[in-house]
S.K.: 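One structure, as structure tokens, below. Some questions next.
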Amino acid sequence: MKILVTGGLGFIGSHTVVELAKENNEVIIIDNLYNSKIDVLENLEKITGKNFKFYECDLKNKEELEKVFKENEIDSVIHFAGYKAVGESVKKPLMYYSNNLVSTMNLLEIMDKYGIKKFVFSSSATVYGNPGIVKYTEDLGRGQASSPYGTTKCIIEKMLEDLYFSDNTWNISILRYFNPVGAHESGLIGEEPNGIPNNLMPYIMKVASGKLEMLSVFGNDYPTPDGTGIRDYIHVVDLAKGHVKALEKMKEGVNYYNLGSGKGVSVLELVNTFEKVNNVKVNYKVVGRRDGDLAEYYADPSKALNELNWKTEKTLEDICRDSWNYEKNNK
Ligand code: UFG
């Protein structure tokens with residue numbers, strides 16, 4: 001299959017390119033390098049031993065985007081490209097709405113024009129809002145996302161439903177990610193956030209490597225066993241494999257899948273495992289809760305197991321080891 005991957009040099013996109021290439025798919029990558037580096041392309045070629053056709057292109061530029069479709073006979077599209085920083089989206093909502101929505105609309109319009117109707121969308125558990133239970137199943141439906149970033153995911157999901165309603169030859173898979181972490185075991189690709197990280201794992205790595213002094217643990221008074229927040233951390237390679245399965249098992253309609261491990265892990269459990277596996281110290285202090293954080297949630301991933309034959313294989317130890325390996329490799 002010939003697969004177009006938007007945002008293919010980003011964190012999840014790049015790992016997905018590796019897994020697609022392993023299954024002998026032909027992969028075309030689009031990325032505007034806003035939140036990624038061109039060196040990733042070279043590293044993808046090192047890991048896979050394959051060359052990829054690459055377009056440096058912003059999906060907001062419809063003419064340039066259309067060129068990609070004119071020049072290639074694409075079978076399906078996996079759409080990762082988009083802004084993803086929760087906190088930044090609160091400060092710059094219009095930038096998030098305009099970028100994430102316009103890019104996706106351009107992409108879908110051009111796909112429609114060229115008769116390409118297989119689409120995998122990178123969504124997030126944030127679309128569930130605050131459903132009042134901790135184990136999320138797909139049939140909970142969308143709630144109120146806690147940030148403009150999350151709202152763009154909700155709007156795009158709805159847009160895809162409306163598109164399918166208007167033309168039921170579309171095959172759409174919406175993948176709702178829990179907390180993607182880890183890195184490829186080669187240490188060549190991983191997560192490279194700009195500036196000071198907002199998410200827990202990238203922050204832990206910067207503290208362990210001495211680039212940042214201290215991790216702030218946001219609250220230890222939640223109703224959880226150790227009082228710190230609980231999330232479902234998923235190794236990015238497992239997540240990437242979920243996309244390959246979603247493409248293989250693609251069917252008519254709009255189909256939703258949670259991609260998570262099904263296990264909740266607290267902030268302190270993650271810190272302790274990271275220290276133990278890597279034999280490093282992570283200095284931390286407990287501070288107040290962060291606005292908008294929920295105490296606890298994790299995936300019920302049984303739909304993905306039943307319908308896609310997918311489940312996570314990597315452990316929390318693998319996650320900690322591979323993350324640290326990437327950090328050390330990229331000092
Ligand atoms: N945390 C800390 N200190 C930090 C950073 C995070 O204690 O410096 C805690 C948070 O309070 C939370 C846990 O670590 O309990 C995980 O926080 P992250 O910021 O790593 O991840 P979130 O669960 O807040 O965010 C994730 C995704 C978003 C998505 C959101 C909602 O990164 O893309 O889930 O589903 F929108």
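Atoms within each ligand, like the ligands themselves, are counted from 1 in listed order.
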S.K.: At a 4.0 Å cut-off, with the gap strictly under it, does some heavy atom of Tyr149 reach an atom of ligand 1?
M.R.: yes

S.K.: Report yes or no: does Ser216 have a heavy atom closer than 4.0 Å to ligand 1?
M.R.: yes

S.K.: Quick one: OH on Tyr233 to CZ on Phe178, what's the gap to the nearest 0.5 Å?
M.R.: 13.0 Å

S.K.: Can you report which non-hydrogen protein atom sits closest to atom 23 (O) of ligand 1, along with the distance?
M.R.: Arg231 NE, 2.7 Å

S.K.: Starting from atom 13 (C) of ligand 1, which protein heavy atom do you reach first, and at what distance in Å?
M.R.: Tyr233 OH, 3.5 Å

S.K.: Identify whether the distance between the nearest side-chain nitrogen and carboxylate oxygen of Glu192 and Lys37 falls below 4.0 Å.
M.R.: no

S.K.: Relative to the heavy atoms of Asp293, which atoms of ligand 1 are at a distance of less than 4.0 Å?
M.R.: 10 (C), 11 (O), 24 (O)

S.K.: Decide whether an N or O pair under 3.5 Å exists between Tyr297 and ligand 1.
M.R.: yes

S.K.: Any salt bridge linking Glu269 with Lys263? Criterion: basic side-chain nitrogen under 4.0 Å from a carboxylate oxygen.
M.R.: no

S.K.: Is there a heavy atom in Tyr284 that sits closer than 4.0 Å to ligand 1?
M.R.: no

S.K.: Starting from atom 17 (O) of ligand 1, which protein heavy atom do you reach first, and at what distance in Å?
M.R.: Arg290 NH2, 3.4 Å

S.K.: Looking only at heavy atoms, what is the nearest atom pair of Val127 and Gly150, with distance?
M.R.: CG1-O, 4.5 Å

S.K.: Under 4.0 Å between a side-chain nitrogen and a carboxylate oxygen: does that hold for Lys241 and Asp238?
M.R.: no

S.K.: What's the shortest distance from atom 21 (O) of ligand 1 to any protein heavy atom, and which residue and atom give it?
M.R.: Asn179 ND2, 3.1 Å

S.K.: Test of understanding: given a 4.0 Å heavy-atom threshold, classify the contact between Tyr177 and ligand 1 as side chain, backbone, both, or neither.
M.R.: neither

S.K.: In terms of side-chain geometry, is the basic nitrogen of Glu19 or Lys22 positioned less than 4.0 Å from the acidic oxygen of its partner?
M.R.: yes

S.K.: Output the list of atoms in ligand 1 that are nearer than 4.0 Å to some heavy atom of Val86, sorted by atom number.
M.R.: 28 (C), 36 (F)

S.K.: Number the atoms of ligand 1 from 1 as they appear, then name those within less than 4.0 Å of a heavy atom of Val217, with their elements.
M.R.: 7 (O)

S.K.: Could you list the atoms of ligand 1 found under 4.0 angstrom from a heavy atom of Ala125?
M.R.: 35 (O)

S.K.: With a heavy-atom distance limit of 4.0 Å, tell me whether Asn199 approaches ligand 1 through its side chain, its backbone, both, or neither.
M.R.: both

S.K.: Quick one: nearest non-hydrogen protein atom to atom 29 (C) of ligand 1, plus distance?
M.R.: Ser124 OG, 3.8 Å

S.K.: Please check if atom CD in Glu248 has more than 12 non-hydrogen atoms from other residues, nucleotides or ligands closer than 6.0 Å.
M.R.: yes

S.K.: For the residue pair Glu138 and Tyr128, what are the closest heavy atoms and their distance?
M.R.: CA-OH, 3.2 Å

S.K.: Check each atom of ligand 1 against the heavy atoms of Asn198 and keep those under 4.0 Å away; list them by number with element.
M.R.: 5 (C), 19 (O)

S.K.: Tell me if a side-chain donor or acceptor on Lys153 pairs with a main-chain N or O of Thr126 at a distance below 3.5 Å.
M.R.: no

S.K.: Counting C-beta onward and ignoring hydrogens, is there a side-chain heavy-atom pair between Thr228 and Tyr222 closer than 4.5 Å?
M.R.: no

S.K.: Before signing off on this row, confirm whether Leu200 and ligand 1 have an N or O atom pair separated by under 3.5 Å.
M.R.: yes

S.K.: Is the closest N or O pair between Phe218 and ligand 1 shorter than 3.5 Å?
M.R.: yes

S.K.: Is the His15 to Phe80 ring centre distance short of 6.0 Å?
M.R.: no

S.K.: Looking at Gly229, which atoms of ligand 1 are within less than 4.0 Å of one of its heavy atoms?
M.R.: 15 (O)

S.K.: Could you list which atoms of ligand 1 come closer than 4.0 Å to a heavy atom of Thr126?
M.R.: 31 (C), 35 (O), 36 (F)

S.K.: List the atom pairs, with distances to 0.1 Å, where a side-chain N or O of residues 204-215 and a protein N or O form a donor-acceptor pair under 3.5 Å, not counting sequence neighbours.
M.R.:
{"unit_1": "Lys206", "atom_1": "NZ", "unit_2": "Glu327", "atom_2": "OE1", "d": "3.4"}
{"unit_1": "Ser209", "atom_1": "OG", "unit_2": "Met205", "atom_2": "O", "d": "3.0"}
{"unit_1": "Ser209", "atom_1": "OG", "unit_2": "Lys206", "atom_2": "O", "d": "3.3"}
{"unit_1": "Ser209", "atom_1": "OG", "unit_2": "Glu327", "atom_2": "OE2", "d": "3.2"}
{"unit_1": "Lys211", "atom_1": "NZ", "unit_2": "Glu327", "atom_2": "OE2", "d": "2.9"}

